[in-house]
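These notes are about the structure you will find just below.
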Amino acid sequence: MKILYLDCISGIAGDMTLSALVDLGADPAFIRSHLAKLPLELFTIEFIPVNRRGIMAKWLDLRFSERDYLHDHQDHQDHHDDHYHRHHDHHTHHDDHDERFDMPDHARHHPHDPRKAADILQMIAASDLPERVKERSSAIFRVIAEAEGKIHGVDPDDVHFHEVGALDSILDIIGVCLALECFEFDELLVSPVPTGTGRVRTAHGLYPVPAPATAEILRGVPLSSFTEEGELTTPTGAGIVKALASGFGPMPAGTIDRIGYGAGTKDFQHPNVVRAILMTKESDPKRSGLQSVIVIEAQVDDMTGEALGFAMDRLFESGALDVYFTPVYMKKNRPGVLVSVLAHPESAERCEQTLLTETSTFGLRKAVMERKVLDRCFIQIQSPYGPIRVKQGWDGERLVHQSPEFKDAAAAACSFGVPLETVMQAIYKAL
Ligand SMILES: O=C([S-])c1cc(C(=O)S)c[n+]([C@@H]2O[C@H](COP(=O)(O)O)[C@@H](O)[C@H]2O)c1
Ligand code: NI
């Protein structure tokens, strides 16, 4: 099983994660080309080799200034939109970087209007980003919006991100999700996270470290005992790991394939880097395919079908693996609904909160269960009705199930004007 392990030696921030993934082998051109299509201000994005206390790492150099561009590229003013998004071979500005090392991370932000969480989510939904990038980046923004909303006492949709909404955090978050598309991995695991100590200057004044949003996001995440004066983990870094990690802990037993280092802007007495490791995990044949899953349940007798449907949507948004309703007969002879939610351990708390807030229940119960899942992969077959994807379920070396992708089969039936059953039979014949 392939694992992507994020080793947060010195905490985690969005730019450090993106740089580490590029150092690991993610394609900067792929990341740039997708980011450039988003309806955002002009920027350039470079990954510069830097040395952090003896460790060579990539450092993200993100620039927004249209003025700098026009100054450097007078000849191309008419086309600056096209050119500016593109990588420009401009590596001679290394000298600038030293002075930036003393800059607090938030000072990198571009002074544009704050954006609302809902605007960012809408921009992502309307974009041409790959589907999984949309899902992952929206999940990260939702985690951060919920935390900031709770801290500031506003609806998550209405959170005005002063820092997170700033362009660089949007680019960091979506950039990380694009970078992840460059790797094949089954699980993203993350080390315990150090937060740092002291104070950090924010748009609201001096805040404690971990910043309130970071602390809120990291609820339930194991923290590392490593400490240092300064903000080691930012809300964006915390949001990335909270939304995407399927587990936290030490590096699993296995074999390391590749390692990438991403540098933070600040210099400390220790190397300020995050380490991204691609590895092959040793599998315990006795536990092969076994995972822990949390089952959360509550029954209600006073909700409308509409409100229950809405609650189901919100539970899925909170990271539920599955949500289902079972009709039950409750006390006082009342027909009711048992709401069952399956979630990975790291999403369980968000699902519990959603169950408590979006249904009428006054309590819930939960249990840890083991679930066995087949390894899944997709193949594409050529049928008389065109190419169709087929999902395969494997138990080790044994092929257990093959299931044609319903959407592909249905689309083929419509475009050829034949019954679905005809397409299905043709697919099974071709398998
Ligand atoms: O300005 C706001 S809303 C703000 C709130 C908080 C809370 O913890 S609440 C924290 N911060 C700080 O902003 C910078 C940038 O963080 P990124 O995640 O965008 O890199 C960081 O120092 C936060 O602690 C700002
Ligand atoms: Ni704020």
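Counting convention: from 1, in listed order, for ligands and their atoms alike.
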Legend entry - side-chain hydrogen bond (donor to acceptor under 3.5 Å, both in side chains) between D257 and T280, intermediate numbers included: CA-CA 7 Å; D257 303 322; T280 310; 3.1 Å; yes

Legend entry - CA sep, side-chain torsions, deciding dist, call: E181, R136, salt bridge (charged side-chain N to carboxylate O under 4.0 Å, His left out): CA-CA 11 Å; E181 292 299 295; R136 286 176 170 161; 3.5 Å; yes

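Looking at A215, P235, G237 and measuring to atom 16 (O) of ligand 1, the nearest heavy atom belongs to P235.
Distances between N or O atoms of E231 and those of ligand 1 include at least one value under 3.5 Å. Annotation: A213 places an N or O atom under 3.5 Å from an N or O atom of ligand 1; distance criterion only.
Within the 4.5 Å cutoff, side-chain heavy atoms of P194 are placed close to those of C8. Two residues are said to be in side-chain contact when any heavy atoms from C-beta on lie closer than 4.5 Å; Y5 and M251 meet this criterion. Proximity of L21 to L4: side-chain heavy atoms (C-beta onward) are separated by under 4.5 Å at one or more points.
Under 4.0 Å is where a charged nitrogen must lie from a carboxylate oxygen, and between D157 and K116 no such pair does.
Residue contacts with ligand 1 include S169, since one of its heavy atoms falls under 4.0 Å from the ligand. Proximity of P212 to ligand 1 is established by a heavy-atom distance of less than 4.0 Å.
Near V200, meaning under 4.0 Å from any of its heavy atoms, are these atoms of ligand 1: 22 (O), 24 (O). Residue H204 has at least one heavy-atom neighbour below 4.0 Å for each of these atoms of ligand 1: 1 (O), 2 (C), 3 (S). Counting atoms of ligand 1 from 1 in the listed order, those under 4.0 Å from a heavy atom of A203 are 1 (O).
Looking at A211 against ligand 1, both its backbone and its side chain come within 4.0 Å, counting heavy atoms. With a 4.0 Å cut-off on non-hydrogen atoms, T236 touches ligand 1 through its backbone as well as its side chain. Under 4.0 Å from ligand 1, not a single heavy atom of R201 appears.
Rounded to the nearest 0.5 Å, atoms NZ (K37) and NE2 (H34) are 4.5 Å apart.
A donor-acceptor pair shorter than 3.5 Å cannot be found between the side chains of Q353 and R314.
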